[in-house]
Amino acid sequence: MPPNFQLQCRLLLILLMALRGESRYLELQERADYDPFLLYSSNLKRDLAGEQPYHRALRCLDMLSLPGQFTFTADRPQLHCAALFISEPQEFITIYFDLVSIDCQGGDLLKVFDGWILKGEKFPSSQDHPLPTMERYIDFCESGLSRRNIRSSQNVAMVFFRVHEPGRGFTLTIKTEPNLFPCNVISQTPNGRFTLVVPHQHRNCSFSIIYPVAIKISDLTLGHLHGFQVKKPSAGCGGKGDFVELLGGNGLDPSKMMPLADLCYPFHGPAQMKIGCDNTVVRLVSSGKHINRVTFEYRQLEPYELENPNGNSILESCLSTL
Ligand SMILES: *[C@@H]1O[C@H](CO)[C@@H](O)[C@H](O)[C@H]1NC(C)=O
């Protein structure tokens with residue numbers, strides 16, 4: 001399966017579970033099997049590069065990783081809809097409302113969220129996002145077209161909508177813009193390599209991989225090489241100064257995930273871990289005094305690795321719920 005297709009399926013599952021309150025992963029997996037998400041295969045993505053803007057209908061539950069123009073038209077009252085957008089790590093997403101025909105007075109709704117929020121869990125978490133939670137929602141029914149262009153603060157964004165009357169709906173255009181220092185990121189792929197750089201900024205950055213993975217931290221620089229203290233890993237980082245934490249969990253919100261390891265001294269790797277959680281996060285906490293950098297590689301765990309955790313030195317914290 002092309003990795004992009006895997007992501008579509010996986011996210012669709014998460015979304016379905018969140019919106020419909022389902023919790024039986026396997027049932028949903030079957031339901032998603034027939035989904036025409038092959039449309040988004042990486043081949044198509046390549047074919048489309050540099051050509052006419054991609055245009056298609058938006059579904060009530062949808063997931064998009066391509067720029068383009070998307071139109072939603074209700075064919076019956078559709079009251080619990082959401083579309084998730086994801087771009088490359090080094091990109092922001094911009095959402096333009098081209099045309100909106102909804103009935104705000106009649107209870108219709110169209111809201112953008114800066115990030116993803118599923119089952120009350122946000123990415124980025126409130127601790128890591130530059131804006132307070134309320135300001136991450138942009139409600140079309142309040143702001144109208146005065147906020148026609150909305151730019152996300154990271155590579156994910158989301159739109160919630162509710163349309164009562166058949167025939168009504170909206171058209172939006174999704175574009176991407178380069179982000180020189182990606183801070184919060186959800187990986188589109190289950191395998192990859194990334195360097196998170198936080199240059200003299202007092203902020204926290206989380207890189208999230210929503211697959212069980214083996215992760216290898218190959219390089220970590222916190223500030224200057226002079227004058228640092230090497231702390232015993234067993235002592236943790238005491239929540240002070242600049243450090244990297246590795247988190248595991250089964251939800252989206254890094255602030256609700258389990259700390260698995262703290263790294264608080266510059267070192268040249270590798271440090272490797274197998275993490276059997278649905279979501280693995282590398283989080284860099286920065287005071288702004290230094291230029292911090294962490295490089296890591298990750299690959300999805302094979303089914304046999306998850307089935308036989310003991311022989312594979314997998315952290316077992318999350319395995320029971322897989
Ligand atoms: C970053 O995270 C730390 C601990 O997780 C927290 O104490 C601090 O307030 C956060 N900093 C910012 C700028 O949000």
Side-chain angles (χ1 to χ4, degrees), residues 89-90 92 113-138 151-158 179-187 194-210 213 215 217 219-224 227-267 271 273 275 277-296 298 315 317-318:
Q90 299 85 354
F92 296 114
F113 182 71
D114 185 0
W116 283 354
I117 181 165
L118 298 171
K119 293 200 246 179
E121 295 216 2
K122 300 184 276 291
F123 184 91
S125 72
S126 318
Q127 281 193 0
D128 297 352
H129 198 282
L131 295 173
T133 302
M134 286 318 291
E135 291 175 29
R136 292 168 69 180
Y137 286 101
I138 296 105
R151 197 181 82 170
S152 67
S153 309
Q154 62 286 310
N155 79 323
V156 289
M158 190 169 179
N179 176 0
L180 289 184
F181 292 105
C183 175
N184 294 299
V185 173
I186 292 184
S187 176
F194 197 76
T195 300
L196 201 53
V197 183
V198 181
H200 291 298
Q201 285 173 315
H202 176 49
R203 70 185 302 192
N204 302 320
C205 297
S206 292
F207 186 98
S208 156
I209 310 155
I210 46 176
V213 287
I215 187 158
I217 298 191
D219 201 2
L220 170 63
T221 312
L222 298 171
H224 308 289
F228 65 84
Q229 273 190 316
V230 176
K231 292 179 187 153
K232 279 184 202 141
S234 60
C237 301
K240 275 186 259 141
D242 294 4
F243 61 97
V244 166
E245 47 181 8
L246 213 52
L247 307 167
N250 295 319
L252 203 55
D253 191 329
S255 69
K256 296 180 180 160
M257 289 165 65
M258 229 173 335
L260 302 175
D262 278 3
L263 305 165
C264 42
Y265 52 99
F267 78 104
M273 253 175 154
I275 302 172
C277 300
D278 280 350
N279 188 10
T280 300
V281 165
V282 179
R283 181 165 183 265
L284 181 53
V285 175
S286 295
S287 60
K289 292 185 194 132
H290 310 291
I291 297 175
N292 295 331
R293 197 176 65 214
V294 59
T295 300
F296 46 92
Y298 49 97
L315 286 180
S317 336
C318 293

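We count ligands from 1, going down the list as the structure has it; atoms in each ligand are counted the same way.
- For F207 and F296, the ring centers sit closer than 6.0 Å to each other.
- Considering backbone and side-chain atoms together, Q127 places an N or O closer than 3.5 Å to an N or O of ligand 1.
- Residue contacts with ligand 1 for R283 involve side-chain atoms from C-beta outward but no N, CA, C or O (heavy atoms, distance under 4.0 Å).
- Between H202 and ligand 1, a contact under 3.5 Å exists for no N or O pair.
- Applying the salt bridge (charged side-chain N to carboxylate O under 4.0 Å, His left out) rule to D114 yields no partners; only residues at least two apart in sequence or on another chain are considered.
- Judged purely by atom type and a 3.5 angstrom limit, Q154 uses its side chain to pair as donor or acceptor with the backbone of V156.
- Taking distance alone, with nitrogen or oxygen atoms compared against 3.5 Å, R203 stays at or beyond that limit from ligand 1.
- Considering only residues two or more places apart in sequence or on other chains, E245 meets the side-chain hydrogen bond (donor to acceptor under 3.5 Å, both in side chains) condition with R283.
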